[in-house]
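Data block below; observations after.
Just so you know, these numbers use all the heavy atoms, side chains as well, and skip hydrogens, waters and symmetry mates.
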Amino acid sequence: MDEPGSVYLSLKLAAKLFGKPLESLAPDELHRVHRVAARQSAIETLILATPEAASVILPDDSIEASLSEIRGRYGNDHDYQTDLERIGLDAHSLRQAVARDMVVEAVLERVAAQAAAVSEIDVEIFWYLHRDRFRRAETRVLRHILVTINEQLAGNDRQSARVRIEAIRTRLLREPQRFAEQALKHSECPTAINGGLLGTVPRGQLYPQLEAAAFALDAAMLSDVVESELGYHLLYCEAIHHERLLNFAEARNTIREYLEQQQHSLCQKAWINTLRHPATGTTPPPD
């Protein structure tokens, strides 16, 4: 594989495998990237030598869109050019690498399009065999008010903060429908701008003290004052979505997409295998 393409592939793999820039990888991570890149490079070279690749025509605007997306990751042109130089690329070599990558993707999409169609029976069988995959945990639609504790800030010392949150709770016990208004006026959490809305929350996303209080509430119920390391909180449960199993109609589209992706992947792997072993068609050992 040419050097620009090799660098570009390694950059993509570093982000995909580890979510890091190439230069930030630990030695073992860098070794894995190089190993995977070498294997993928060999496969891409085979793909690019096929008649399917030769027939791909890339519109200039598609290439420019990809280059613009890469450029958009940087705050300014200087940082962009500096980073290209650091990894051994320039505008021309980056364009070559991007175009090469896009040709490979286009070929693989064409191959995937030849995969066998997923039937409704296939979808139904998967549903009956794997229904537990479509179990949805209980969630709550929650709103939240926070008054922070800060002994250095007037009005936010522990005693004052407690008096403030209790006064808010007293008002809400009389008129719970005002929770969003009270959150907007008094909450010191960023959610205040949305009326204190935390959204649809499953277990495991809140501080333990808040989760225990939130999941003990009935719908349309206001919590007691709850203290956490952030300060004093009030929670309001707007709705409860109980744990349940999605029915077939709800799961159908998700199952179909999953099975189609599997079919596409199998079709691509089988086609690549014929490129790697054109004479025998034998299956190579797992990488």
- With sequence neighbours left out, which residue pairs that include part of residues 95-121 fulfil the ring pair (Phe, Tyr, Trp, His ring centres under 6.0 Å) condition? none
- Message: Measuring only between side-chain heavy atoms, which start at C-beta, is N156 closer than 4.5 Å to E151?
- Response: no
- Task: Heavy atoms only: give me the nearest Q263-A115 pair and the separation to one decimal.
- Result: O-CB, 3.7 Å
- Check whether the side chains of T82 and D79 place a donor and an acceptor atom closer than 3.5 Å, and report yes or no. no
- Query: Does anything in residues 49-69 pair up under salt bridge (Lys or Arg N to Asp or Glu O under 4.0 Å), and if so which pairs, sequence neighbours excluded?
  - Reply: D60-R95, E64-R95, E69-R73
- Query: What pair of heavy atoms forms the shortest contact from I240 to C237, and how long is it?
  - Reply: CG1-SG, 3.7 Å
- Going by side-chain heavy atoms closer than 4.5 Å, which hydrophobic residues are tied to L217, directly or by a chain of links? L142, L146, L198, V201, L206, Y207, L210, M221, V226, L230, L235
- Go through the steps to decide whether V118 and V123 satisfy the test side chain to side chain contact (heavy atoms under 4.5 Å, CB included), and finish with yes or no. CA-CA 7 Å; V118 174; V123 176; 3.9 Å; yes
- Note on the structure: Sorted by chain and residue number, the salt bridge (Lys or Arg N to Asp or Glu O under 4.0 Å) partners of D101 (sequence neighbours excluded) come out as K12
- Item | Nonpolar side-chain network containing Y236, other nodes, edges under 4.5 Å | I145, V147, I149, I165, I168, L172, L173, F179, L222, V225, Y232, L234
- Message: Check this for me, if you would: do E188 and R164 make a salt bridge, where the nitrogen-to-carboxylate-oxygen distance has to be below 4.0 angstrom?
- Response: yes
- Task: I would like to know whether F134 and I255 meet side chain to side chain contact (heavy atoms under 4.5 Å, CB included); could you show each step before the answer?
- Result: CA-CA 10 Å; F134 301 95; I255 295 172; 3.3 Å; yes
- Query: Looking at residues at least two apart in the chain, or sitting in another chain, which of them share a side-chain hydrogen bond (donor to acceptor under 3.5 Å, both in side chains) with E238?
  - Reply: R143
- Taking the six-membered ring for Trp, are the ring centroids of Y258 and F126 within less than 6.0 Å of each other? yes
- Could you identify which residues cluster with I121, counting Ile, Leu, Val, Met, Phe, Trp and Tyr as linked when any side-chain heavy atoms lie under 4.5 Å apart, either directly or through a chain of such contacts? I125, L129
- Query: Rest of the hydrophobic cluster containing L266 (Ile/Leu/Val/Met/Phe/Trp/Tyr, side-chain heavy atoms under 4.5 Å)?
  - Reply: none
- Residues two or more places apart in sequence or in another chain: which of them pass side-chain hydrogen bond (donor to acceptor under 3.5 Å, both in side chains) with K269? none
- Message: I'd like to know if the side chain of T191 pairs up with that of N194 as donor and acceptor (distance under 3.5 Å, no hydrogens or angles considered).
- Response: no
- Task: Mind listing the closest non-hydrogen atom pair of A192 and S187 along with its distance?
- Result: CB-O, 3.7 Å
- Which salt bridge (Lys or Arg N to Asp or Glu O under 4.0 Å) pairs, counting each pair once, include a residue from residues 192-201, with sequence neighbours left out? none
- Task: Answer yes or no: does atom NE2 of H31 have more than 12 heavy-atom neighbours from other residues, nucleotides or ligands under 6.0 Å?
- Result: no
- To the nearest 0.5 Å, tell me how far H34 NE2 sits from E29 CD. 12.0 Å
- Mark yes when over 12 heavy atoms from residues, nucleotides or ligands other than I193 sit less than 6.0 Å from its CD1; otherwise mark no. no
- Pairs involving residues 44-94, ordered by first then second residue, that meet ring pair (Phe, Tyr, Trp, His ring centres under 6.0 Å) (sequence neighbours left out): Y74-Y80
- Query: Quick one: salt bridge (Lys or Arg N to Asp or Glu O under 4.0 Å) pairs with a partner in residues 218-229, sequence neighbours left out?
  - Reply: R158-E227, R169-D224
- Message: Can you tell whether the side chains of K185 and E181 come within less than 4.0 Å, N to carboxylate O?
- Response: yes
- Are a donor atom and an acceptor atom from the side chains of S228 and H233 found within less than 3.5 Å of each other? yes
- Query: Are a donor atom and an acceptor atom from the side chains of S55 and R110 found within less than 3.5 Å of each other?
  - Reply: yes
